[in-house]
Amino acid sequence: MPATPNSTAAIVQRCQDLFDDLDFTAARAWKDAAPGRKVVGYMPVYVPRELIHAANMLPLGILGGGENMEVIHGDAYYQSYICRIPRSTLELGITGKLDFADGMLFPFVCDVIRNLSGMWKLLFPKVYTRFFDTPQNYKDEVGGNYYIEELRELREGLEELGGARITDEALRASIEVYNENRRLVREVYAFRAATPWKAPSSEVYLLMRAGNVLPVEEHTQLMKDYLAAVKAEDRPMRDNCRVVLNGAFCEQPPLNLIKSIEMAGCYIVDDDFMLVNRWLLDDVPADGDPLANLASAFLHRSAETSAKFQPDEGEKGKYLIQSVREKGAEGVIFAAPSFCDPALLERPMLQAKLKAHGIPYISFKYAENSGQMQPIREQAGTFADSIKLWSAA
Amino acid sequence: MSTQDVIKEASMLKQKEMIANNYDLLTSTRGHGRKVASTFVPGNLNELIMCFDMLNNLPEINAIQNGMKKLSGGYITEAEKGGHSEDVCTYVKADLGMMKRGNLAPNGKPLPDPDLLLLSYTGCFTFMKWFELLRAEYNCPTVMLHVPYQGDGKTTQNMRDYIVKQLKEDVIPTLEKVSGVKFDIDRLRENLRRSAKAEDDLVWVLETAKNKPTPIDAYFGGVYYIGPIFTAFRGTDDAVEYYRLLRAEIEERMRQGLGPLTPEGEMKEQKYRLVVEGPPNWTSFRDFWKMFYDEGAVVVASTYTKVGGMYDLGFRHDPDHPLESLADYCLGCYTNRNLPQRVDLLEKYINEYEADGLLINSIKSCNSFSAGQLLMMREIEKRTGKPGAFIETDLVDPRYFSAANVKNRLESYFQMIDQKRRALASAA
Ligand code: SF4
Ligand code: SF4
């Protein structure tokens, strides 16, 4: 459909094009637009993109190669029992699709990503490669101090890469820019939770993915445009049930999987795709010491996921129950990548909590290139039916 | 040498007795009242735990024991039936399944519930989830010691400070609270002094594999040699004594020009010297070992024997810097090192131990070890010109040990080494 530039269709199409583009044309264009620009890739689940932004570099979220990438070389580096995202990510590297990335950050999420950082060092010695550690101790003077120093080291690494200092002022400005971005992300999520028929998850997903490859300011604007467009549009409400999707924080499911869940009669009203967009739960203070502020936000006000230790058994899984309650969800869909330690080890603990609260759930596994959606559609369909029956009873 | 003689080795008897005693202590806490900490082999803080008169129970070791006794398969199935994924580490599932079936120690008596889960997070992501899972079952205090990964191939002061602070502010106060015993740093120093002594002897033993022929097998035999230092005995007089005995025995073997001991007696011919990366399979440990010694293959260095500490690179527990030295110990464990460091280490082993090649036993359970091993092999082949081989098994899941496949792979690998030798000889 020929659409006006700010119509929902046009925005979604733009996001879809960015999503499909395994050559990262938009990010390359950004880099080429001015001499000396640098791009720093990062993997799930979280890196403080503010630092990269403050260095005038483009943070580029890498989430593997997705369903359309043929993995040839990557498979030669991994045994069959390891998930797919590291293979397709290596494939991107080896086939030159990431040759414009001057840096790569591999955050604390699991041993596969951790080890991939070392592989990247061996295979791409010219790239600034860093395992980005985050604390598992949440006391300011213990984990906090450690993390501030980690941030300082990252800052120095980026300064060296860019050949310029990253000032506190620049950092504070970047924090503001990301605060606004996170506000919009929260708004989109809240809007979807309230009216999921107006903002289907297949669209919201693409909109969030765009945040991986676009400059943050552009992404923020795109979210504003999307919200304005969908609010103006009349979209029919379906008799779907409402679910929270959990476990897909690293390797991403094929877009078709999200569509299949929706088609099977489930509105996804919360999820953990691309946690980086909403990792920090509130605005980070834009005055004072920027590194200390980022650290404090990480320690005390950041998202929960398997890659973080939960020191208090009483708090374990609470965020999921809360999300179900707050978003008015009726059940949870656990969707985890095959062979994913964090998601699959966490799952039984979360399931036990849901059971204790009488919240129904289903579970399945996927790979980023899973083709067969029929079983998932059937499972989600049966789940939706049973929820409806249950709530009617 | 007959099997009879093998059993008589004093160090073996000593170790057997130490393990039995520890299980007896663990299964009689009702009588003596000592508290129990569960913890992990990498980053094991045994010297510290002992300062609080606590006992150390290591779920990984229980899983290994159950693997060797062929009990783990049933336990794993039990855990999978209870909703644990077939994709995750089988140590965890063997442990959870064992618990469901009464948590029986090798002496047939039930292990007590832990009084503390000491989550020493060193080199493995699964550890964190493992103890969260156990915490939900036991509902006991849990204390985390987060050991940062050596992402850049080095340790920093920041990492060390972070660990020491966690020890001071979280770990030690929790140990005090659980045990009711006040921390005495001098007691820790004493324990560390004993550790260092035993560590000297262990390194001496491991390095005898540089000899030709080697008096030890540094993988199959090695797992016995590291036993006391990696588990509940580092820092004890027993461990010092064990390593003294072991060293004397190996000295004697060297004097007599004897090869390593195997379950079937002394290994005579040593045709292939290998470096091995990755943990062994436990459910078919004897069969696996036999595939090597039957072909005259001996392991001269292995990385698995470094998961609980890299003593051969010079690290020793240091009574003069007790907490810092615990931090350095944790930071230095093998799986806490990045891939380039691991490749460098393997290269060094191949060269210093004059090995014929690198064998990787890739473990399905263990992403910490396994993710990246294929690249490691390529790098080693490239750097040393020595052939590598790759086999895939699992730790304690008997479903993933295919004896025929492993044997075939090994035989063709040994042929490859032969060919390489012939080619070298004819080129010379
Ligand atoms: S999908 Fe899971 S196991 Fe694989 S890299 Fe991501 S977090 Fe790690
Ligand atoms: S994943 Fe590997 S290191 Fe971790 S517990 Fe399992 S076997 Fe041990």
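Quick note on labels: first sequence line is chain A, next is B, and so on, each numbered from 1.
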Next on the checklist: Run the side-chain hydrogen bond (donor to acceptor under 3.5 Å, both in side chains) test on A:Tyr81 and B:Ser365 for me, step by step, so that the C-alpha distance in whole Å, both residues' side-chain angles and the decisive distance to 0.1 Å come before the verdict.
Outcome noted: CA-CA 9 Å; A:Tyr81 51 78; B:Ser365 274; over 6 Å; no

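Residue A:Phe106 does not touch chain B at all, counting heavy-atom pairs closer than 4.5 Å. When heavy atoms are compared at a cutoff of 4.5 Å, A:Ala336 does not approach chain B at all. Only the backbone of A:Lys308 comes within contact range of chain B, judged by heavy atoms closer than 4.5 Å. Proximity to chain A is limited to the side chain of B:Glu86, based on heavy atoms less than 4.5 angstrom apart. With a 4.5 angstrom heavy-atom cutoff, B:Glu132 touches chain A via backbone and side-chain atoms both. Within the 4.5 angstrom heavy-atom criterion, atoms from both the backbone and the side chain of B:Cys124 approach chain A. Looking at B:Leu96, neither its backbone nor its side chain comes within 4.5 Å of chain A, counting heavy atoms on both sides. If you measure heavy-atom distances from B:Asp161 to chain A, you find no contacts under 4.5 Å at all. Interface remark: A:Leu90 contributes no atoms to any contact with chain B (heavy atom separation under 4.5 Å). Heavy atoms of B:Leu119 lying under 4.5 Å from chain A belong exclusively to its side chain. The contact between B:Glu379 and chain A is made entirely by side chain atoms (from C-beta outward), counting heavy-atom distances below 4.5 Å. Residue A:Pro86 does not touch chain B at all, counting heavy-atom pairs closer than 4.5 Å. If you measure heavy-atom distances from B:Tyr121 to chain A, the contacts under 4.5 Å come from the side chain alone. In this structure, chain B has a heavy atom under 4.5 Å from the backbone of A:Pro311, while its side chain stays farther away. Both the backbone and the side chain of A:Ser338 come within contact range of chain B, with heavy atoms under 4.5 Å apart. Both the backbone and the side chain of A:Asn145 come within contact range of chain B, with heavy atoms under 4.5 Å apart. Using a 4.5 Å cut-off between heavy atoms, A:Gln310 contacts chain B through both its backbone and its side chain. There is no contact between B:Val143 and chain A, counting heavy-atom distances below 4.5 Å.
The structure places CG of A:Asp312 at 7.0 Å from CZ of B:Arg135, a figure rounded to the nearest 0.5 Å. Here CZ of A:Phe309 is found 6.0 Å from OG1 of B:Thr142. Values are rounded to the nearest 0.5 Å. Atoms OH and CE, from A:Tyr138 and B:Met144 in turn, are 7.0 Å apart once rounded to the nearest 0.5 Å. How far CG of B:Asn336 is from CZ of A:Arg114: 7.0 Å, rounded to the nearest 0.5 Å. The CG atom of B:Leu339 lies 6.5 Å from the CE atom of A:Met119; values are rounded to the nearest 0.5 Å.
Taking the side chain as every heavy atom from C-beta outward, B:Asp152 and A:Arg130 approach each other to under 4.5 Å. You'll find the side chain of A:Lys139 reaches within 4.5 Å of the side chain of B:Asp170, heavy atoms only. Side-chain contact between B:Tyr149 and A:Asn115 is present, with at least one heavy-atom pair separated by less than 4.5 Å. The shortest distance between side-chain heavy atoms of B:Asn158 and A:Tyr146 falls below 4.5 Å. Within the 4.5 Å cutoff, side-chain heavy atoms of A:Val142 are placed close to those of B:Tyr162.
Note on B:Gly83, B:Gly82, B:Ser368, B:Pro148: by heavy-atom pairs under 4.5 Å with chain A, the leading option is B:Ser368. By number of non-hydrogen pairs under 4.5 angstrom with chain B, the leading residue of A:Gly143, A:Ser117, A:Ala352 is A:Gly143. Here A:Ala76 is the residue among A:Ala76, A:Cys110, A:Ser363 with the most heavy-atom pairs under 4.5 Å with chain B. Counting heavy-atom pairs closer than 4.5 Å to chain A, the top residue among B:Gln166, B:Lys364, B:Arg342, B:Glu169 is B:Lys364. When the candidates A:Glu153, A:Arg347, A:Lys316 are compared by the number of heavy-atom contacts under 4.5 Å with chain B, A:Lys316 comes out ahead.
B:Asn367 places no side-chain N or O within 3.5 Å of a backbone atom of A:Asp111 that could act as its donor or acceptor partner. Within the 3.5 Å criterion, the main-chain N or O of B:Ser370 finds a donor-acceptor partner in the side chain of A:Gln79. B:Lys129 places a side-chain N or O within donor-acceptor distance of the main-chain N or O of A:Ser306, the cut-off being under 3.5 Å. With B:His146 contributing its side chain and A:Gln136 its backbone, the two residues share a donor-acceptor pair below 3.5 Å.
Applying the 6.0 Å contact sphere to CD of A:Glu315 captures more than 12 heavy atoms from other residues, nucleotides or ligands.
Residue A:Asp341 forms a side chain to side chain contact (heavy atoms under 4.5 Å, CB included) with just one option from B:Val92, B:Thr126, B:Asp87, and that option is B:Thr126.
When all heavy atoms are compared, the tightest approach of B:Pro340 to A:Lys121 is CG-CB, 4.2 Å.
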